[in-house]
Amino acid sequence: MATAFVAAWASHQPNPGWLVRVDAYATPGFADALATVDPSRVPATRVTGTAKVTDTGATASTSAAVSTDQGVVSVSLRWDGTAWKVADVRPDAQAVE
C-alpha cells in the first residue's frame, strides 16, 4: 500500500487524474488534504525501492519508509476495518537501514 501510494503521489500526472489516483489509497481526511496539493510540486518522480515498515507500535496503524529518486518518504497508514489506507506522507524522512 505504501509503495503503491508513493508511486501515484510521485507520478506528476496533472489533475484531476493525479487526485483520483492518490485518493484511492487515502483515508477520507487525508484525501481532503491532498485536494490542496499541486502535483507538480511533489519532489519525487519515481519510487526506487520497496517499502520498509518503520513503526508497528499501535493497533490499526503503522508507518513505512519508501525510497524515491529524491530521498525517503515516510507514509503513515491506518487500518479502516477493511483495508490499509494512507493517513499522511512526509518527504525527506530519515533513511531506514
Side-chain angles (χ1 to χ4, degrees):
M1 178 61 66
T3 302
F5 169 80
V6 174
W9 175 78
S11 71
H12 289 250
Q13 181 180 9
N15 271 323
W18 180 84
L19 189 57
V20 169
R21 287 184 68 199
V22 295
D23 276 0
Y25 302 104
T27 62
F30 189 49
D32 291 344
L34 288 167
T36 67
V37 173
D38 175 356
S40 70
R41 297 186 53 103
V42 172
T45 61
R46 64 186 172 87
V47 171
T48 60
T50 58
K52 295 182 181 177
V53 175
T54 58
D55 179 18
T56 58
T59 302
S61 68
T62 192
S63 296
V66 180
S67 296
T68 73
D69 60 340
Q70 295 298 312
V72 177
V73 175
S74 179
V75 179
S76 298
L77 300 140
R78 304 281 182 266
W79 181 254
D80 72 0
T82 306
W84 288 100
K85 296 287 185 174
V86 176
D88 192 24
V89 62
R90 291 184 312 272
D92 300 321
Q94 291 182 345
V96 176
E97 299 297 324

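Numbers for residues simply follow the sequence, beginning at 1.
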query: Is T54 reaching over with its side chain to a backbone N or O of S63, donor-acceptor style, under 3.5 angstrom?
result: yes

query: Out of curiosity, K85 NZ to D80 CG, how far, rounded to the nearest 0.5 Å?
result: 6.0 Å

- request: May I ask you to decide if the ring planes of Y25 and F5 are parallel, tilted or perpendicular, using 30° and 60° as cut-offs?
  value: perpendicular

- line: Looking only at heavy atoms, the pair that brings D23 and A31 closest together is OD1-CB, 3.4 Å

task: Answer whether the closest heavy-atom distance between the side chains of Q70 and T45 falls below 4.5 Å.
output: no

field: CG on D55 to OG on S76, rounded to 0.5 Å
entry: 8.5 Å

query: Is there side-chain contact between H12 and P39, with at least one heavy-atom pair below 4.5 Å?
result: no

field: For the student: nearest non-hydrogen atoms of A51 and A2, plus distance
entry: CB-CB, 4.1 Å

- prompt: When you look at S67 and K52, which way does the side-chain contact (heavy atoms from CB on, under 4.5 Å) test go after all the steps?
  reply: CA-CA 9 Å; S67 296; K52 295 182 181 177; over 6 Å; no

message: When you compare the side chain of F30 with that of V22, does any pair of heavy atoms fall below 4.5 Å?
response: no

For T3 against T50, the heavy-atom pair lying closest together: OG1-C, 4.2 Å

query: Closest approach of D69 and T48, non-hydrogen atoms and distance?
result: N-CG2, 3.5 Å

T62 side-chain N/O to L77 backbone N/O, donor-acceptor pair under 3.5 Å: no

query: Taking it one step at a time, do V73 and W9 satisfy side-chain contact (heavy atoms from CB on, under 4.5 Å)?
result: CA-CA 11 Å; V73 175; W9 175 78; 3.8 Å; yes

message: Membership question, hydrophobic clusters at under 4.5 Å side-chain separation (ILVMFWY): are V89 and W79 in the same one?
response: yes

- request: Please name all residues satisfying ring-ring contact (aromatic ring centres under 6.0 Å, His included) with W18, sequence neighbours left out, ordered by chain then number.
  value: none

task: Can you see which heavy atom on L34 is nearest to which on A26, and at what distance?
output: CD1-CB, 3.9 Å

message: Can you give me the closest heavy-atom contact between V47 and A7, atom names plus distance?
response: CG2-N, 3.6 Å

